[in-house]
Each structure stands twice: as C-alpha cells, then as structure tokens.
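Report on one structure; see the data block that follows.
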Amino acid sequence: MPVVVVESPAKAKTINKYLGQDYTVLASYGHVRDLPAKDGSVDPEHGFEMTWEVGADSKKHIKAIADALAKDNNLILATDPDREGEAISWHLEETLRKRRAIKKDTPVSRVVFNAITKSAVTEAMQNPREVDTPLVDAYLARRALDYLVGFNLSPVLWRKLPGARSAGRVQSVCLRLIVERETEIEAFTAREYWSVTAELETPRGQLYQARLVSLGGKKLDRYDIPNQTEAELAVQAITSRDLSVLSVEAKPASRNPSAPFMTSTLQQEASRKFGMGARQTMSAAQRLYEAGYITYMRTDGIDMAPEAVAAARDEIKSRYGAEYVPAAPRVYKNKAKNAQEAHECIRPTDMSVDAGQLARLEADQRKLYDLIWKRTLACQMEGARLERTAVEIGSADGQVGLRATGQVVLFDGFLKVYEEGRDDVLSEEDDEGRLPQMSEGEAATKQAVTPDQHFTQPPPRYTEASLVKRMEELGIGRPSTYASIVTTIQEREYVRKEKNRLIPEDKGRIVTIFLVNFFRKYVGYEFTANLEEELDEISAGDLDYKEVLARFWRDFSAAIAETSELRISEVLDKLDAALAPQLYPEREDGSDPRACPVCGTGKLHLKTSRTGGFVGCSNYPECRYTRPIGGGEENSGDRVLGEVDGEEISLRSGRFGPYVQRGEASEDNKKPPRASLPKGWSADAMDLEKALMLLELPRIVGQHPEDGQPISANFGRFGPYLMHQKPDEAKPVYANLKNPDDVFEIGMNRAVELLAEKRANPGRGRSAAAKPLRELGEHPEKGGALNVMDGRYGPYVKWDKVNATLPKDVDPAAITLEQAVALVNEKAAKGKTKRKTTRKKA
C-alpha cells in the first residue's frame with residue numbers, strides 16, 4: 001500500500017475515504033521542521049546555510065511515516081497546493097532521507113489537488129510530479145528573511161526600548177499602517193458645514209425630499225454653507241419662493257456582481273458581515289476545505305474552473321430561472337502576478353449543496369460556507385437592471401435650485417442571492433428610494449425646509465477587513481500570512497481591538513516610530529512589496545533566492561550595526577523630537593508646550609517602561625506627573641474625585657495605567673498614598689467612594705478562628721488575593737480571588753475555606769517542586785542550563801545562581817534562548833554593579 005502523507009488528520013480521514021484500503025494515509029500535523037530559535041540557524045557567512053530541527057511533537061509523526069514506509073516502499077506527498085505545502089513536502093522528504101526511511105529505490109512523488117473531492121483526488125493520483133524546487137526556494141527565501149529580520153531586529157528593540165517584544169519583516173509594516181492612521185486621526189481638525197433639505201409635495205399629494213444644490217444662481221459646493229447663519233438665510237431663500245419641477249431625467253443603469261472569493265476578500269467580507277477576525281475566518285475555511293466542502297482557501301486567484309462555471313450556471317437556472325443566467329459565462333482574470341501559483345478561487349466543491357443541507361456544521365463554518373456559496377452563484381448571475389431618476393426643482397428667478405434623486409430596481413439579477421458588504425463609506429445613491437411620478441412644470445409645494453449641521457469626519461480606524469484590503473493594495477504579505485500577521489500584532493500587545501477597530505497601544509507607537517527613524521527602509525511599503533515580488537519571481541524560477549538574500553543582508557546587517565552603539569537616551573531624544581508635534585501641541589494660552597502642567601518648572605520628555613511609552617516630568621521623583629503618549633493633557637482623563645480631611649482624592653493617568661491618589665507630593669510627603677485601578681474597573685466610572693475603597697486597602701477580613709492572625713484582601717500583580725500567615729509558618733500563604741469585588745465583599749467563612757484549599761494544594765509557589773516550565777538549552781557563552789521556571793511572583797528564567805523575572809509582556813511559552821540570555825546577562829550585570837556599590841559604601 002503506498003504511503004500518502006497530508007498535513008492534518010481531518011484531511012487524512014477525508015482522503016482515506018476516497019482512496020480506500022489500497023493506501024495508507026497519514027498526517028504530518030503541519031511543518032515537521034523549523035529553524036531553531038537561536039543564533040546561527042541561518043548562516044550568511046556560508047551561503048545562507050540553514051540549520052533545521054525536527055520539532056518534539058513531530059518526531060512521533062515522522063516515526064509513524066517511517067514505520068509505514070518499512071512495510072510499503074512507496075511515498076506520495078499530498079500536502080497543500082501552495083508554497084507552504086510544497087515546503088512541507090520538501091521537509092518530509094529531507095527528514096525521511098536522513099532517517100534512511102527513504103531508500104535509493106523508494107519512489108517519491110508529489111501530488112496536488114485544489115479540492116478534496118473524489119474526482120480531484122483521483123485525478124491528482126494519476127498525475128504525479130516531483131517536488132517543485134523553485135517553490136521550495138521561495139519558501140526558503142521567505143523563511144530566511146523572516147528569521148534574519150526577527151532574530152536581529154528584535155534584540156535591538158529589547159535593548160533600546162524596554163517592553164518591546166519583537167519586530168517582523170511584514171508584521172512591523174502592518175503595525176506602521178495602524179499607527180500612521182491613528183496619527184492622522186489625532187491630527188484631524190473637524191470642519192463645520194451645513195446642508196438644507198426640503199420636504200416637497202406633488203399636486204397629487206405624494207411627498208418626497210430634495211436637497212439644496214444651488215443658491216443665488218451659483219452651484220453649491222460642500223462647504224459653501226459654513227455656519228448656522230448662512231444655513232438660515234438659505235432656508236429663508238427657499239421658503240420665500242414658489243418652486244416647480246424644471247426637469248425629470250430617467251436613465252437606465254446596471255450593476256454587475258463581484259468576483260468570486262480569494263483569501264483576502266473572503267477575510268474582508270467575513271469581517272464586515274459576521275465580525276469574524278482573520279484567524280477565525282481561516283480556521284473555519286480550513287475545516288470546510290478538509291471536509292471536502294470548498295476548494296483550497298489560500299489563493300490570490302479569482303478564476304474558476306470551466307466545469308465549476310457550468311455547474312454554477314445549471315444551479316442558478318434550476319433555483320431561480322433561466323432569466324438569471326447570462327448568455328455567456330462571466331470570466332474573471334487574476335490581477336496579481338504569479339497569483340499563488342495560479343490557484344482557483346474559493347468556491348463550493350458541489351454547487352447544488354447550500355448551507356441548509358449542512359446543518360451538522362458548527363455555526364461559524366455554516367455561516368462562512370453560506371457566504372462562499374452565495375458569492376459563487378452570484379458571480380455567474382445576470383446583472384441587476386436599475387432606473388435612476390434625477391428631478392431638478394427650482395424657483396422662477398433661478399435663485400434657488402434643489403435636486404431629488406431616486407432609483408428603481410427593474411430586475412434584481414444577482415442581488416436576489418448576494419450583495420457585497422462595504423467598509424466605511426456609503427455613496428449618495430445607497431439610501432436613494434423610489435420617487436413619485438412627476439412631470440416638468442408641475443408645482444412643488446413646500447411642507448418643511450430643514451437645515452442640518454455636519455462636521456467632516458477623520459479617516460476611520462482600520463478593521464481587520466480594511467487592514468487586509470490595504471495590505472493587499474500595497475502588495476504587502478500574501479494570503480497565507482494575512483491572518484497570522486494581524487493576530488501577532490494583537491498578541492504582542494502592540495494593537496488592541498475595540499468594537500472591531502484596531503487601535504495602537506503606546507508600545508506599538510514607540511516601536512513604529514523607532515523603526516521608522518532607525519530602519520526606515522525596512523518598514524517601507526514599497527521595499528516590502530518589492531521583496532514580495534522578488535519572492536514571486538523566485539517561485540517562478542526567474543530569480544536565484546541566495547542572490548536576493550545576499551543583497552538584503554548586505555544593507556540590513558549594516559543598519560543593525562549602526563544602532564549597536566546607540567544609548568537608550570539617544571534613542572529617546574530622537575523619538576521625542578520625531579513625536580514632538582503630537583506630544584507637545586501648542587497650548588491655547590501660548591505657554592511652553594513642554595512645561596510640566598503640575599510643577600511648572602520641569603520639562604516634559606518621552607520615557608519608556610515595560611508597558612510602552614509615556615510622557616513624564618524631568619523633575620521626577622519630586623514631580624510624578626505622567627500622561628500617555630496618545631494625546632495631550634486634555635485627553636489624559638485626570639480629574640479630582642472629591643476631598644477628604646482637606647486632601648484632594650484624584651484620578652490620574654500613569655505609565656502603568658490609571659490610578660487614584662490622596663493629596664499631592666511635597667517635601668514632607670514625597671510619596672502620597674496611591675492605588676492602581678484593578679483590571680476591569682473603568683476610569684470613566686470612578687467616583688470618590690470607589691477611590692477611598694482602593695486607598696484603604698489592604699482590607700482586613702478578620703482574624704483567623706484557629707490562630708487569631710489577620711486575614712487580609714488586596715490586589716497584586718496577578719489580581720485579587722487573600723493573605724494569611726500562621727505563627728509557625730515561615731512565609732504567608734496567598735489564595736487567589738476570582739472577582740475583583742471579592743476584595744471588598746468576601747466574608748470570613750469563604751476566606752478560611754479558600755486558604756485551607758490553598759494550603760492543601762499549594763500548586764504554584766516556591767514550596768512546590770521546582771520543575772522547569774521549559775528547558776531552553778545551554779547558555780551559548782558561559783555554559784549551564786537555561787530554564788523557564790514558575791515562581792510565586794510569576795515565571796522567571798533560571799541560570800546558575802541567577803534568577804531573572806520575565807517581563808509581564810513576555811510569554812513564557814514563546815520566549816527564545818536569545819531573550820533568556822539577554823535577561824540573565826542583564827540581571828547578572830546588575831548584581832555585580834550592586835555588589836560594587838555596596839563595597840564602596842562600606
């Protein structure tokens with residue numbers, strides 16, 4: 001039995017059903033090898049040689065394939081039909097050859113199919129080929145580029161910008177788009193303008209609306225009525241004149257359907273219509289593909305196989321009638337060069353199956369299938385036929401002119417099945433309704449004339465859909481990468497999503513400004529797009545991938561070297577200057593924008609912390625004024641909540657988020673009481689009562705009934721908790737609370753119960769057995785194991801006698817050896833400095 005290897009067990013199950021018992025179908029579970037996250041995995045000094053490592057989870061899958069080959073000496077690689085799929089086949093073949101599971105006489109073939117249907121799989125098996133070397137070369141180039149950028153640029157960020165997590169070849173360019181859009185929004189100044197609308201009546205008593213388009217014989221532009229006074233004059237001009245219909249013009253119009261889906265348009269439409277994120281969309285599409293319901297979901301192609309077109313036309317005729325089928329099939333041509341190796345569009349594998357027949361699917365899969373099915377049928381349907389009517393209304397003296405517009409759908413065509421969603425902007429015709437019958441010369445009786453105030457709006461923040469669309473327009477990234485890129489910048493906490501809109505965090509702004517100032521070329525839109533084109537040329541066999549890598553590395557390594565000697569203070573000065581217009585806008589009173597609004601003598605300057613950037617006073621710690629970088633003082637949200645015993649209780653914005661404070665800093669009281677707002681507490685909802693509750697923490701719940709020692713409740717780094725220490729215990733016991741409100745409400749019985757549970761099951765903490773969360777390997781310079789440990793105060797890296805706490809924004813499951821080395825080296829250096837200082841004092 002030939003051994004067929006695919007990526008996923010779901011795909012293996014479906015294909016095994018079609019091939020039968022004559023084949024052994026196994027899954028590789030995705031990529032089996034990757035570049036180790038350490039220095040030297042790509043070696044520019046030796047022809048960009050790459051060191052690959054089989055993942056721990058992949059070893060058992062490789063063994064299963066090798067064992068199967070020992071029984072049948074025939075290997076068929078049937079991974080996905082794109083660059084990544086070709087790379088997985090190449091990795092599998094290389095790995096199995098190293099294990100000697102593939103012998104000299106072992107036939108190895110590569111088959112591809114665009115849909116997992118019996119006919120597609122059977123046809124693919126009859127047309128095997130070898131692994132496509134140019135496609136593999138394009139994968140190798142992309143993987144090497146991403147490694148060289150990420151592995152060399154990320155450490156620069158860690159050292160120069162505390163709190164920054166990583167940079168990426170495409171990820172950083174995507175982040176730049178979001179940050180620049182936010183800057184546009186903040187710099188936007190709204191402009192007032194007015195419009196005037198009249199409600200008119202025909203001689204037959206039918207009502208309709210018309211808007212003012214000319215006044216005083218002059219055609220009105222958007223801003224020609226700038227204020228209420230001018231608007232009221234315009235209203236008076238209309239009300240003081242008799243109006244009549246000057247002309248009625250009806251024109252035929254048509255609308256044609258959109259092209260079938262490719263990856264980017266599917267992600268955009270799923271976001272618009274269902275609010276689905278890019279990753280959620282691709283996950284649902286993957287499951288539909290593996291189950292055999294749709295064609296391959298990672299494609300730049302919009303063309304459709306002739307047999308699929310014929311099937312769609314037959315289904316349209318059967319369901320909706322012959323009048324909905326155009327005389328000739330609609331043909332859609334790919335716009336992209338080398339469109340992901342000429343894949344077909346995303347479409348159902350069986351046009352006769354609608355979503356109602358797939359009731360057993362999960363909700364997101366069913367919604368997505370319905371979307372794909374409707375779009376596919378609609379793209380082969382007749383266009384919609386409309387009639388658009390424009391009626392000009394005016395006064396006899398020509399001083400006032402109004403226009404009424406409307407449209408009628410004469411034949412719905414493809415609109416019967418599907419209409420594409422829109423991102424943000426609606427055209428004027430979108431709200432047009434049907435107009436009553438009118439004829440030239442008849443009277444237009446005024447029922448009401450209404451002025452409306454408007455303000456220009458800033459450009460909208462990106463949604464995942466509009467961001468993917470913009471990336472596609474710029475040629476940045478590819479279908480297989482859009483979802484992961486958009487997800488990564490959110491996981492790195494560079495961007496947050498609110499109401500489906502992407503908003504940059506301060507950390508994301510700082511990283512972007514740093515890269516734009518010190519690595520401008522490498523976050524340039526044109527440069528990134530040109531590199532994508534070169535990768536396409538490599539996949540077409542027209543360019544040598546090592547030449548592309550060499551050219552890139554020559555300039556990039558020089559740019560990295562130039563930043564190695566930069567001090568953090570130099571970086572902050574440069575970023576402070578670059579952000580000055582945004583950070584220090586001119587004040588209405590003409591005072592120095594950099595003057596501290598609290599102490600008056602200090603100067604404001606950009607600073608960084610683990611959570612990102614903020615603006616702080618140069619007189620710190622005497623003056624503790626801070627505010628976020630995203631806007632001026634008026635946007636900081638600071639306010640006085642009330643007064644107690646002659647001291648103001650205020651809400652303030654700090655580098656680690658909002659907090660409440662009692663009193664002001666002074667010579668006698670350098671550190672006034674303050675408390676951070678717990679997670680989930682809104683600054684907008686803060687009042688004096690809540691602030692006093694926070695400032696009075698820790699709260700004593702009561703004395704423990706067994707030993708009389710106090711039980712206290714408070715907020716800590718990891719959330720709300722209880723604390724109690726018995727007289728015979730060396731250290732207190734901490735028990736986590738689920739709800740922040742429990743800190744103020746939990747009673748004695750429940751507190752005693754939770755502490756007893758914690759003592760019975762200590763779990764995390766230094767009293768538990770110290771087992772590594774992850775083993776990272778040896779210190780490359782000094783030897784000794786580097787492990788990620790779980791401690792009482794959170795995860796930390798352990799090396800020799802050095803314990804380095806992981807920054808809050810570093811994921812212990814994702815930390816690399818390079819990051820760990822940087823952390824322990826920094827901790828060790830601080831330890832030496834501290835010991836030297838102690839000796840000098842002694």
Judged by modelled atom types alone, do Ser283 and Arg279 share a side-chain donor-acceptor pair under 3.5 Å?
-> no
Side-chain donor-acceptor contact under 3.5 Å, Arg652 with Ser650: yes
For Thr487 and Ala483, the nearest pair of non-hydrogen atoms, with its separation, is OG1-O, 2.8 Å
Problem - Polar side-chain atom of Thr563 near backbone of Ile560 as donor-acceptor pair, under 3.5 Å - result: yes
I'd like to know if the side chain of Asn739 reaches the main chain of Asp741, judged simply by a donor and an acceptor atom lying under 3.5 Å from each other, with no hydrogens or angles considered. yes
**OP:** Please lay out, stage by stage, how Arg298 and Glu84 fare under the test salt bridge (Lys or Arg N to Asp or Glu O under 4.0 Å).
**Re:** CA-CA 10 Å; Arg298 290 191 180 94; Glu84 289 294 309; over 6 Å; no
- [ ] Please check if any side-chain donor atom of Asp573 sits under 3.5 Å from a side-chain acceptor atom of His605, or the reverse.
- [x] yes
Do side-chain atoms of Ser41 reach the backbone of Pro36 as a donor and acceptor pair under 3.5 angstrom?
yes
Checking Leu467, Val468, Ile476 against Cys174 for side-chain contact (heavy atoms from CB on, under 4.5 Å), the one that qualifies is Leu467
Check the pair Thr805 / Lys827 against side chain to side chain contact (heavy atoms under 4.5 Å, CB included), numbers first and verdict last.
CA-CA 9 Å; Thr805 303; Lys827 183 66 182 286; 5.6 Å; no
Residues Asp57 and His61: closest non-hydrogen pair is O-CD2, 3.1 Å
_So for atom CD, which belongs to Glu729, do other residues, nucleotides or ligands contribute more than 12 heavy atoms lying within a distance under 6.0 Å?_
yes
Is Arg461 paired with Glu498 through a side-chain N to carboxylate O contact shorter than 4.0 Å? no
Quiz item: Is it true that a side-chain atom of Ser154 and a backbone atom of Ala167 form a donor plus acceptor pair closer than 3.5 Å?
Solution: yes
Taking the side chain as everything from C-beta on, heavy atoms only, tell me whether Lys726 gets closer than 4.5 Å to Val733. no
CG of Leu737 to CZ of Phe744, rounded to nearest 0.5 Å, is 11.0 Å
Rounded to the nearest 0.5 Å, the CE atom of Met789 sits from the CG atom of Asn803 at a distance of 8.5 Å
Nearest heavy-atom approach of His31 to Ala87 is CE1-CB, 4.1 Å
Nearest heavy-atom contact between Arg699 and Ile746 is NH2-O, 2.9 Å
Exercise. Going through the distances and angles, do Leu651 and Leu677 end up as a side chain to side chain contact (heavy atoms under 4.5 Å, CB included)?
Worked result: CA-CA 9 Å; Leu651 173 69; Leu677 268 61; 4.0 Å; yes
Report task. Go through Leu604 and Leu583 one step at a time and tell me if the side chain to side chain contact (heavy atoms under 4.5 Å, CB included) criterion holds. Result -> CA-CA 9 Å; Leu604 301 181; Leu583 296 180; over 6 Å; no
Side chains of Glu464 and Gln280, donor plus acceptor under 3.5 Å: no
### Message
Do Phe48 and Leu148 make a side-chain contact, defined as non-hydrogen atoms from C-beta onward lying under 4.5 Å apart?
### Response
yes
- Task: Side-chain contact test, heavy atoms from C-beta onward, threshold under 4.5 Å: evaluate it for Leu694 versus Tyr659 and give yes or no.
- Result: no
- Any side-chain heavy-atom pair of Leu515 and Leu153 under 4.5 Å: yes
| task | Keeping the roles fixed (side chain from Asp576, backbone from Leu606), state whether a donor-acceptor pair exists under 3.5 Å. | result | yes
ask   = Distance-only, no hydrogens or angles: does the Glu182 side chain make a donor-acceptor pair with backbone N or O of Ile178 under 3.5 Å?
value = no
So, the side chain of Thr512 versus the backbone of Gly508: is there a donor-acceptor pair under 3.5 Å, distance only? yes
Do Met50 and Tyr147 touch side chain to side chain, with heavy atoms closer than 4.5 Å?
no
Q. Quick one: does Arg176's side chain have a donor or acceptor within less than 3.5 Å of a partner on Val523's backbone?
A. yes
**OP:** Would you check if Phe514 and Val156 make a side-chain contact, meaning some heavy-atom pair closer than 4.5 Å?
**Re:** yes
Pairwise side-chain contact, Val824 with Leu786, heavy-atom cut-off 4.5 Å (strictly under) = yes
* Asked: Going through the distances and angles, do Gln267 and Met282 end up as a side chain to side chain contact (heavy atoms under 4.5 Å, CB included)?
  -> CA-CA 8 Å; Gln267 290 175 5; Met282 294 310 290; 3.3 Å; yes
Tightest non-hydrogen contact, residues Pro9 and Ala27, listed as N-CB, 3.6 Å
Output for pair (Arg33 CZ, Glu53 CD), nearest 0.5 Å, gives 11.0 Å
Of all heavy-atom pairs linking Leu722 and Ile711, the shortest is CD2-CG2, 4.2 Å
Exercise. Are any of the side-chain heavy atoms of Pro504 and Tyr494 separated by less than 4.5 Å?
Worked result: no
Sub-3.5 Å donor-acceptor pair from the side chain of Tyr522 to the main-chain atoms of Phe556, do we have one? yes
Taken to the nearest 0.5 Å, the spacing of Ser58 OG from Leu92 CG works out to 9.0 Å
Between Glu753 and Arg750 (salt bridge meaning N to carboxylate O under 4.0 Å), is one present in this structure? yes
- Message: For Val54, is there any backbone N or O sitting under 3.5 Å from a side-chain donor or acceptor partner on Lys59?
- Response: no
- Item | Mutual orientation of the aromatic rings belonging to Tyr139 and His91 [parallel < 30°, tilted 30-60°, perpendicular > 60°] | perpendicular
Within the supplied structure, the quantity of interest is the number of heavy atoms (other residues, nucleotides, ligands) at a distance under 6.0 Å from Lys497 NZ; does it exceed 12? yes
So CZ of Arg496 and CD of Glu505: to nearest 0.5 Å the spacing works out to 4.5 Å
Rounded to the nearest 0.5 angstrom, the OG-OH distance for Ser712 and Tyr734 is 8.0 Å
